[in-house]
Amino acid sequence: MELPGGVVVWAIARHDTLQELLADPRVGKNPQLWTAFTEGRLPEGWPLLNFVTVPGMITVDGEDHRRLRGLVTQAFTPRRVAELRPAVESRTRALLDDLAGLEGPFDLREHFAYPLPMQVIGELLGLPPKQQDELHELSDTLVSSSATPAAAIAAQRGLQALLASVVEAKRAEPGDDLTTDLIAARESGDRLSEQELVGTLLLMLVAGHETTLNLITNAVRALLSHPEQLRLVLDGEQPWSAVVEETLRYDSPVGQFPLRYATEDIPVGDVVIRRGEALLASYASAGRDAAHYPDADRFDITRQPNRHLSLGHGPHFCLGSGLARMEAETALRYLFDRFPGIALAEGPAPEPIGSFISNSVRTLRVTV
Ligand code: HEM
């Protein structure tokens, strides 16, 4: 398929093929493996270039990947995620209190689905609350495919500058957060370069909130448009986790994830992906693959088994999956408990967000 800017890649849209290629040792994530990149054939100011070259665990393989991923995994173990639950619950309750005060229809995405994961990842990373909205706007531009090349580059620089200033502030005054831990790791040896430190924070910030924001939005939208499914949870016949898993499959919060590269010729069905060519993981399409899921276009929280790929697969499997699932389940449970009369507001269907990576709607107007 052709990406914005006319760059041609292989979109891997079938579930089984995607599952195989995500775990295939002949496929890597380092852009140095991509011939179009190393030969300088990408268009000037290509908007996705920043994303596919950001220094961090998503653009490296093997030992480098283990080193960078290993520095943050301890913050996301099941025990650490369980410890975060009370804080997530109290933030959820506080946000719902604010919603109760809003008059008429409002945008649930802006007032609930966004601030919850942003506050959680902000606290984990030790980001100043006052800068969180600015960080979100820059991060939105970074994952947007409609941003002009100049805007995408400015957003990347702006994010890096802001995060570098957070690192400086934490160096001067360490806190109980992941940024402080990463600074300590950097200073205790050659485990992390300064660029990788800022790149890792950038990745954690973007991955830690844009995705969960979409998951909560997409789940509420699906439930409100399928009242019989919502009924199953409210009657206790299905757990909230079933809603989360089915939303991940049905309306994958990460639509597509750029990019991977073939390190040798790889035959796939009737075609051969040549060494040095790029692959795009098309998670949203894989979730609707009729060859893998019976009645794939139906939102059905009783679906069994439901082993989707929407949190990735293989060595780059989502590091924050436990946190994302816990946040989304908490958000949904508390939201429907607090506002049993919640409904979609009347009006035209919401527009999709203009992003190549992120998959959701721009707004989700509801009444409570
Ligand atoms: C609904 C929420 C989420 C979804 C759908 C999601 C999805 C994904 C997917 C599909 C990947 C694999 C990307 C690829 O290589 O193709 C991934 C990787 C990753 N995710 Fe998530 N994610 C979510 C939440 C989070 C959260 C909350 C965090 C952190 C706090 C996080 C951190 C990461 C990181 C660091 C990686 C890169 C792992 C690596 O390259 O080794 N994600 N995520």
Side-chain angles (χ1 to χ4, degrees), residues 3 7 9-10 12 18-40 42 46-76 121 125 139 142-143 152-153 156-157 159-160 163-164 167 178-179 181-208 210-211 254 256-264 266 273 275-281 283 309 311-321 356-357:
L3 299 187
V7 173
V9 300
W10 293 97
I12 314 301
L18 180 59
Q19 183 166 6
E20 276 166 30
L21 289 173
L22 289 174
D24 191 322
R26 297 169 298 174
V27 175
K29 291 198 83 175
N30 189 327
Q32 294 301 331
L33 300 166
W34 190 17
T35 322
F37 175 66
T38 54
E39 293 179 354
L42 297 175
W46 187 52
L48 285 170
L49 186 64
N50 294 308
F51 194 90
V52 303
T53 56
V54 63
M57 74 187 92
I58 63 166
T59 52
V60 286
D61 304 299
E63 201 37 60
D64 270 341
H65 177 245
R66 278 188 286 279
R67 171 176 60 88
L68 290 175
R69 189 171 162 119
L71 289 168
V72 283
T73 41
Q74 74 281 7
F76 298 96
I121 195 70
L125 297 177
S139 140
L142 192 70
V143 296
I153 293 166
Q156 168 104 349
R157 294 213 176 116
L159 263 179
Q160 272 166 337
L163 293 170
V167 169
L178 203 53
T179 305
D181 293 350
L182 288 171
I183 294 170
R186 165 146 172 74
E187 282 161 10
S188 70
D190 57 355
R191 294 165 66 202
L192 182 74
S193 72
E194 193 70 19
Q195 257 196 335
E196 286 170 338
L197 168 55
V198 174
T200 300
L201 291 179
L202 193 150
L203 170 64
M204 302 306 296
L205 167 72
V206 177
E210 296 281 355
T211 50
V254 175
Q256 341 192 56
F257 201 90
L259 283 174
R260 286 172 162 75
Y261 318 98
T263 61
E264 55 185 84
I266 307 176
I273 300 179
R275 174 169 181 256
E277 290 181 340
L279 288 66
L280 177 72
Y283 291 112
L309 298 172
L311 292 161
H313 176 68
H316 292 270
F317 178 75
C318 178
L319 187 71
S321 61
F356 184 71
I357 298 164

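Both backbone and side-chain heavy atoms feed into the values below; hydrogens, waters and symmetry mates do not. Since this is a predicted model, take the numbers as computed values, not measurements.
Contact detail for G276 and W34: the closest heavy-atom pair is O-CD1, 3.2 Å. Between L22 and A281, the shortest heavy-atom contact is CD2-CB, 4.3 Å. Residues L71 and A185 share a closest heavy-atom pair of CD2-CB, 3.7 Å. When all heavy atoms are compared, the tightest approach of A262 to I273 is CB-CG2, 3.9 Å. For L319 against V72, the heavy-atom pair with the smallest separation is CD2-CG2, 3.5 Å. Between A152 and P47, the shortest heavy-atom contact is CB-O, 4.0 Å.
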Just do the side chain to side chain contact (heavy atoms under 4.5 Å, CB included) check on L21 and I266 with the steps written out, would you? CA-CA 9 Å; L21 289 173; I266 307 176; 4.2 Å; yes
Output, in order, the C-alpha distance, side-chain angles, deciding distance and verdict of side chain to side chain contact (heavy atoms under 4.5 Å, CB included) for H313 and E20. CA-CA 9 Å; H313 176 68; E20 276 166 30; over 6 Å; no
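Between L203 and T200, the closest side-chain pair of non-hydrogen atoms is not below 4.5 Å. Residues L18 and Y283 are in side-chain contact: their nearest non-hydrogen atoms beyond the backbone lie under 4.5 Å apart. Looking at heavy atoms from C-beta onward, L182 lies out of side-chain contact with V167 at the 4.5 angstrom threshold. Within the 4.5 Å cutoff, no side-chain heavy atoms of V52 are placed close to those of F37. Here the side chains of H316 and H65 are in contact, with some heavy-atom distance below 4.5 Å. At a threshold of 4.5 Å between non-hydrogen side-chain atoms, the residues T211 and L311 do not count as touching.
Within the model, atoms CG of L192 and CD of E187 stand 10.0 Å from one another, a figure rounded to the nearest 0.5 Å. Taking OG1 of T179 as the reference point, atom CG of L197 lies at 7.5 Å (rounded to 0.5 Å). Going from atom CD of E210 over to atom CD1 of I357 covers 9.5 Å, rounded to the nearest 0.5 Å. Interatomic distance, T53 OG1 to Q32 CD, rounded to the nearest 0.5 Å: 10.0 Å. Residue E264 holds its CD atom at 9.0 Å from CZ of R275, rounded to the nearest 0.5 Å. Once rounded to the nearest 0.5 Å, the distance linking CG of L49 with CD of Q156 reads 9.0 Å.
Here the side chain of T59 pairs a donor or acceptor atom with the backbone of V54 at under 3.5 angstrom. Side-chain atoms of Q160 do not come within 3.5 Å of backbone N or O of R157 as any donor-acceptor pair. With hydrogens and angles disregarded, no donor-acceptor distance shorter than 3.5 Å links the side chain of N30 to the backbone of D61. Judged by distance alone, the side chain of S139 and the main-chain N or O of V206 form no donor-acceptor pair under 3.5 Å. Listed for the T263 side chain is a donor-acceptor partner under 3.5 Å among the backbone atoms of R26.
Checked against side-chain contact (heavy atoms from CB on, under 4.5 Å), A75 has the following partners two or more places apart in sequence or in another chain: L178. Annotation: side-chain contact (heavy atoms from CB on, under 4.5 Å) contacts of L3 (sequence neighbours excluded): M1, V7, V9, W46, L48, L259, L280, F356.
Counting non-hydrogen atoms of other residues, nucleotides and ligands closer than 6.0 Å to CD of Q195 gives a total of 12 or fewer.
Judged as a salt bridge (Lys or Arg N to Asp or Glu O under 4.0 Å), not a single pair has a partner in residues 29-38 (not counting sequence neighbours).
Salt-bridge formation is not detected for the pair E277/R260: no Lys NZ or Arg NE/NH1/NH2 atom is positioned less than 4.0 Å from an Asp or Glu carboxylate oxygen.
Relative orientation of the F51 and F257 rings is perpendicular, given thresholds of 30° and 60° on the angle between their planes.
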